[in-house]
*Asks:* 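So that we are looking at the same thing, I have put the structure below in structure tokens.
The model shown is predicted, which means the values in this text are computed figures rather than measured ones.
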Amino acid sequence: WPKDQQLLDQVDVVVSYSADAGSSLLGGRHQAEFRKLMERGVGLVALHWSTGCQNNEFGPAWRETLGGWFSLEFSRLAVTPATARDADPSHPISRGWNDFDMRDEYYVGLRSHERANPIVVAKIDGVDYPVGWTFDRAKGRSFGFVCGHFHDVFLNPSYRRIAVNAILWAGGREVPADGAPVEITAEDGILPPDQPNGS
């Protein structure tokens, strides 16, 4: 988290790819700063477990911030192959990618805000679930995307394009007509070796 307040003043979008972001952002040591960013209209993008809030005290507020709330108390995990499908082709986040197959750990049974707009859907156990959605807050834009459990999903350019398009959109930037550039090299996709003691 930036220590320099001037850096926070320049932030256009917060992107979280961490465990249980709702609990840490709304209830952690930087909660006051985070809430001020949201009140200022800064965008929010939450990937995979970042869509979660396991602390029920903050869960409803997380739903009002992100547009959806994943919790192990009422949601479930489904590790399965599925087709990620474009649910709103007219939306800027939908630019430059087509439906694609991937195996992921999908979160289903979230508590979604009634104003959440599904952008990506996937059929899990015969039911269509929104796995990526936008949410227009009173001030600011949010995007939740439950996918991103396995490293190899990031090797898929369509997955990367959804995420980068969403970051641009949430930050108030124009998404290119063909989607954001997301090219990587083969070396970019290689994980570094595990380090002893988590270092």
Side-chain angles (χ1 to χ4, degrees), residues 13-27 38 43-95 97-137 140-167 169-170:
V13 60
V14 173
V15 181
S16 180
Y17 182 53
S18 66
D20 197 25
S23 300
S24 60
L25 290 173
L26 292 177
M38 296 296 99
L44 173 66
V45 174
L47 304 175
H48 199 48
W49 198 1
S50 286
T51 59
C53 185
Q54 307 311 311
N55 185 326
N56 286 337
E57 177 184 353
F58 302 111
W62 188 237
R63 178 178 169 270
E64 294 293 322
T65 304
L66 182 62
W69 171 19
F70 159 69
S71 171
L72 292 170
E73 187 171 306
F74 52 77
S75 309
R76 68 183 178 88
L77 314 175
V79 179
T80 184
T83 301
R85 303 189 329 271
D86 185 354
D88 187 355
S90 66
H91 199 281
I93 294 174
S94 296
R95 295 175 184 168
W97 63 273
N98 298 307
D99 298 354
F100 59 98
D101 298 329
M102 69 174 178
R103 177 179 174 270
D104 207 334
E105 180 185 70
Y106 297 93
Y107 300 156
V108 296
L110 282 67
R111 291 187 179 166
S112 299
H113 198 286
E114 60 271 14
R115 294 198 325 271
N117 177 39
I119 299 294
V120 188
V121 296
K123 192 179 293 292
I124 310 294
D125 298 329
V127 178
D128 273 338
Y129 288 100
V131 296
W133 65 90
T134 59
F135 181 63
D136 288 301
R137 307 190 315 270
R141 297 168 167 178
S142 295
F143 179 76
F145 195 26
V146 303
C147 303
H149 182 74
F150 298 110
H151 175 68
D152 61 4
V153 302
F154 290 93
L155 304 181
N156 185 320
S158 290
Y159 178 89
R160 296 196 307 274
R161 185 155 285 126
I162 292 170
V164 177
N165 285 354
I167 292 167
W169 173 82

*Asks:* Going by the rule side-chain contact (heavy atoms from CB on, under 4.5 Å), which residues pair with A122 if we only count those two or more places apart in sequence or in a different chain?
*Replies:* A82, Y106, I124, V131
*Asks:* Return the orientation label for the F143 and F145 ring planes: parallel under 30°, perpendicular over 60°, tilted otherwise.
*Replies:* tilted
*Asks:* Holding to side-chain contact (heavy atoms from CB on, under 4.5 Å), I want the full list of residues that pass it with P130, two or more places apart in sequence or in another chain.
*Replies:* P118
*Asks:* The test is side chain to side chain contact (heavy atoms under 4.5 Å, CB included); show your working for L72 and L77 and say whether it passes.
*Replies:* CA-CA 8 Å; L72 292 170; L77 314 175; 4.2 Å; yes
*Asks:* Under the salt bridge (charged side-chain N to carboxylate O under 4.0 Å, His left out) rule, what pairs show up with a residue in residues 156-165, not counting sequence neighbours?
*Replies:* none
*Asks:* Whether the side chain of S50 engages the backbone of S18 through a donor-acceptor N/O pair (distance < 3.5 Å, no angle test) should be reported.
*Replies:* yes
*Asks:* Would you call N165 and P92 a side-chain contact if the rule is heavy atoms closer than 4.5 Å?
*Replies:* no
*Asks:* Under the side-chain contact (heavy atoms from CB on, under 4.5 Å) rule, collect the residues that match up with S75, sequence neighbours excluded.
*Replies:* F70, L110
*Asks:* Could you check H149 against W49 for side chain to side chain contact (heavy atoms under 4.5 Å, CB included), going step by step and ending with a plain yes or no?
*Replies:* CA-CA 8 Å; H149 182 74; W49 198 1; over 6 Å; no
*Asks:* Where the side chain of R141 meets the backbone of W169, is there a donor-acceptor pair that is under 3.5 Å apart?
*Replies:* yes
*Asks:* What are the two closest heavy atoms between G67 and A116, and how far apart are they?
*Replies:* O-CB, 3.5 Å
*Asks:* Using the test ring pair (Phe, Tyr, Trp, His ring centres under 6.0 Å), find all partners of F150 that sit at least two apart in sequence or belong to another chain.
*Replies:* none
*Asks:* Locate the shortest heavy-atom distance separating Q54 from D20; write the atom from each residue and the value.
*Replies:* N-OD1, 2.7 Å
*Asks:* State which residues pass side chain to side chain donor-acceptor pair (under 3.5 Å) with T65; sequence neighbours excluded, sorted by chain then number.
*Replies:* none
*Asks:* Quick check: closest heavy atoms across G59 and C53, and the distance to 0.1 Å?
*Replies:* N-SG, 3.6 Å
*Asks:* Consider only side-chain N and O atoms of S90 and D88, and report whether a donor and an acceptor are under 3.5 Å apart.
*Replies:* yes
*Asks:* Between V153 and M102, which heavy-atom pair has the shortest distance, and what is it?
*Replies:* CG1-SD, 3.9 Å
*Asks:* Show every salt bridge (charged side-chain N to carboxylate O under 4.0 Å, His left out) that has at least one partner inside residues 147-159, sequence neighbours left out.
*Replies:* none
*Asks:* Would you say the side-chain atoms of S158 pair up with the backbone N or O of W97, donor to acceptor, closer than 3.5 Å?
*Replies:* no
*Asks:* Would you give the length of the straight line joining atom CD1 of I167 to atom CG of L47, rounded to the nearest 0.5 angstrom?
*Replies:* 6.5 Å
*Asks:* Please report the interatomic distance CH2(W69) to OG(S112), rounded to the nearest 0.5 Å.
*Replies:* 12.0 Å
*Asks:* Could you list the residues that satisfy side-chain contact (heavy atoms from CB on, under 4.5 Å) with E73, not counting sequence neighbours?
*Replies:* N56, S71
*Asks:* Give every residue pair that meets the salt bridge (charged side-chain N to carboxylate O under 4.0 Å, His left out) criterion with at least one member in residues 74-87, sequence neighbours excluded.
*Replies:* R76-D125, R85-D128
*Asks:* For A170 versus V13, what's the shortest heavy-atom pair and its separation?
*Replies:* CB-CG2, 3.9 Å
*Asks:* Quick one: ring pair (Phe, Tyr, Trp, His ring centres under 6.0 Å) partners of F58, sequence neighbours excluded?
*Replies:* none
*Asks:* Just verifying a value: how many Å separate I119 CD1 and T134 OG1, rounded to the nearest 0.5 Å?
*Replies:* 4.0 Å
*Asks:* Can you name the ring pair (Phe, Tyr, Trp, His ring centres under 6.0 Å) partners of W62, sequence neighbours left out?
*Replies:* none
*Asks:* State which residues pass ring pair (Phe, Tyr, Trp, His ring centres under 6.0 Å) with W133; sequence neighbours excluded, sorted by chain then number.
*Replies:* none
*Asks:* Of all the heavy-atom pairs spanning H113 and R63, show the shortest one and how long it is.
*Replies:* CA-NH2, 3.5 Å
*Asks:* Name the orientation class of the two ring planes belonging to Y159 and F154 (parallel below 30°, tilted from 30 to 60°, perpendicular beyond 60°).
*Replies:* perpendicular
*Asks:* Would you call L25 and M38 a side-chain contact if the rule is heavy atoms closer than 4.5 Å?
*Replies:* no
*Asks:* Are the charged groups of R115 and E64 less than 4.0 angstrom apart, N to O?
*Replies:* no
